> 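I have a structure I would like to understand better, so I am pasting it below and will then ask my questions one at a time.
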Amino acid sequence: MFGLKICKDLSTEYFRTNINGMSQIISLETPANFSFKYTVKSHGWSDLPPFELDEENRWLNYVFTDKNSGSAISARISDGGGKLYIEIPDTEFNQDKLLGDVGHILRLDDDLDDFYGAIEKTNGLAWVAKANAGRLLRSATVFEDLVKTLCTTNCSWSLTKKMTTNLVEKLGTPTADGKRAFPTPQALAEVSVDFFRNEIRAGYRSPYFAELAESAASGKLDPESWLRSDLPTAELKKEIKAVKGVGDYAAENLLKLLGRYDGLVLDSWLRAQFYKKHNGEKVCADKKIEKHYRKFRSWRGLAMWCDMTENWFDEKQ
DNA sequence: GCGTCCAGGTCTACC
DNA sequence: GGTAGACCTGGACGC
């Protein structure tokens with residue numbers, strides 16, 4: 001396992017450099033089969049604030065929150081071949097927590113050997129292991145991923161971006177350099193349903209957001225506990241679906257970000273991609289899609305995602 | 001510029 | 001368990 005443990009091990013080996021006395025750079029070792037490029041572009045999250053991706057200059061920006069102090073800092077993460085370099089302002093911030101969060105969002109502790117083994121003999125998927133793809137970018141908290149997933153339901157990607165941007169800009173903790181973190185459950189719980197409707201443009205989802213924020217802020221619901229849950233995936237899915245506004249698609253999307261790939265996360269886009277690639281552009285039942293990926297067992301959701309997003313990457317590594 | 005239609009996933013009521 | 005209609009927004013399109 002990489003992630004937190006390794007981050008702790010590295011905590012005494014920080015590589016610090018002052019840049020004009022304004023910022024410092026911390027380095028973090030990555031697993032041998034980690035690809036920065038394939039991870040940050042693994043799905044649409046890098047397009048949503050507080051993520052900011054610069055493909056040309058190869059860095060990913062994210063605004064981290066220190067839960068204890070309540071402060072937020074903007075961090076620029078870039079790849080240095082075997083290491084990540086994280087540039088942060090030269091200010092007081094819990095660096096162990098920051099490194100843990102970086103490991104979490106980039107899935108450094110994901111063990112994909114079994115997945116690569118499951119797909120290595122499958123025509124059309126060999127590139128995945130070769131490119132070290134398969135790590136799916138996620139937010140620093142499950143709560144943030146849950147809210148963002150709700151923002152993807154029943155709307156266009158542009159509306160998802162709009163809602164997420166409004167949440168961050170109107171309710172996120174500001175950083176010293178003018179950026180904002182994703183709002184905490186407490187910050188969301190302080191605004192009304194009308195605020196979600198009129199300011200966030202969440203439409204009919206507004207009461208769902210208000211209810212979710214209230215539950216998470218009061219401690220009645222603890223989305224972070226799902227990361228450590230021992231429940232079988234079907235049971236955990238049932239628990240996630242108990243959140244108003246979360247149906248099959250949203251629950252499976254969140255499970256995917258929790259590291260459980262049993263579900264295919266079928267939405268209209270994914271179905272259309274499958275019809276195009278494997279069914280002669282003809283519509284078919286979901287059961288046929290499920291049958292196609294059944295052989296990958298607990299990895300079927302990740303196998304399908306990689307299969308459908310193959311053409312997102314210009315050249316294979 | 002305005003009106004209309006459509007896509008998108010979930011909830012609720014009903015069978 | 002399956003199905004139909006409502007929910008709401010932004011984009012596309014026609015006028």
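Residue numbering restarts at 1 for every chain, and letters A, B, ... go by the order of the sequence lines. Please read all numbers here as calculations on a predicted model, not as lab measurements.
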> Given atom CD1 of A/I200 and atom P of C/dG10, what is their separation to the nearest angstrom?
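A/I200 atom CD1 is separated from C/dG10 atom P by 12 Å.
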> Indicate, with yes or no, if A/F93 and A/L84 share a hydrophobic cluster defined by side-chain heavy-atom contacts under 4.5 Å among Ile, Leu, Val, Met, Phe, Trp and Tyr.
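Per the 4.5 Å side-chain linkage, A/L84 and A/F93 are co-clustered.
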> Examine the side chains of A/T141 and A/S139 and answer whether a donor and an acceptor come within less than 3.5 Å of each other.
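Checked: A/T141/A/S139 side chains show no N/O donor-acceptor pair below 3.5 Å.
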> Show your reasoning for whether salt bridge (charged side-chain N to carboxylate O under 4.0 Å, His left out) applies to A/D286 and A/R271.
CA-CA 8 Å; A/D286 288 353; A/R271 286 187 182 94; 2.8 Å; yes
> Apply side chain to side chain contact (heavy atoms under 4.5 Å, CB included) to A/V191 and A/F209, showing your working.
CA-CA 10 Å; A/V191 299; A/F209 282 129; over 6 Å; no
> Rounded to whole angstroms, how far apart are NZ on A/K148 and P on B/dG9?
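Atom-to-atom, A/K148 to B/dG9, this comes out as 20 Å.
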> Sort out for me which residue in A/W312, A/F274, A/F296 forms a ring pair (Phe, Tyr, Trp, His ring centres under 6.0 Å) with A/W305.
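Exactly one option meets the ring pair (Phe, Tyr, Trp, His ring centres under 6.0 Å) with A/W305, and it is A/W312.
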> For A/F36 and A/L60, run side chain to side chain contact (heavy atoms under 4.5 Å, CB included): C-alpha distance rounded to whole Å, both residues' side-chain angles, the deciding distance at 0.1 Å, then the answer.
CA-CA 9 Å; A/F36 182 75; A/L60 177 74; 4.0 Å; yes
> Return no unless some side-chain N or O of A/K244 is found under 4.0 Å from OP1 or OP2 of B/dG9.
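No, outside the criterion.
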> In whole Å, what is the span from the NZ atom of A/K161 to the C1' atom of C/dG11?
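After rounding, the gap between these two atoms is 15 Å.
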> When rounded to the nearest 0.5 angstrom, what is the spacing between OG in A/S268 and CG in A/N154?
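Answer for the OG-CG pair, A/S268 versus A/N154, is 9.5 Å.
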> When you check the side-chain N and O atoms of A/D145 and A/W45, is any donor under 3.5 Å from an acceptor?
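Their side chains do contain a donor-acceptor pair, which is all the 3.5 Å distance test asks for.
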> Does anything in residues 255-278 of chain A reach DNA chain B, meaning a heavy atom under 4.0 Å, and if so which residues?
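When residues 255-278 of chain A is checked for heavy atoms under 4.0 Å from DNA chain B, the hits, listed by number, are A/D267, A/S268.
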> Taking CG from A/L150 and P from B/dG8, how many angstroms apart are they, rounded to a whole number?
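One finds 19 Å between P of B/dG8 and CG of A/L150, rounded.
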> Return no unless some side-chain N or O of A/T152 is found under 4.0 Å from OP1 or OP2 of B/dG8.
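It does not, given that no N or O in the side chain of A/T152 lies less than 4.0 Å from OP1 or OP2 of B/dG8.
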> Measure from CG on A/D248 to C1' on B/dT10 and round the result to the nearest Å.
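The distance from CG of A/D248 to C1' of B/dT10 comes to 10 Å, rounded to the nearest Å.
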> What is the distance, to the nearest angstrom, from the CG atom on A/L212 to the C1' atom on B/dC11?
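Going from A/L212 (CG) to B/dC11 (C1'), I get 16 Å.
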> Can you tell if the side chain of A/T65 reaches within under 4.5 Å of the side chain of A/S71, non-hydrogen atoms only?
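A/T65 vs A/S71: side chains apart.
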> Write down the protein N/O and nucleotide N/O pairs, taken from nucleotides 3-9 of chain C, whose separation is under 3.5 Å; answer none if there are no such pairs.
{"residue": "C/dC8", "atom": "OP1", "partner": "A/R197", "partner atom": "NH1", "Å": "3.3"}

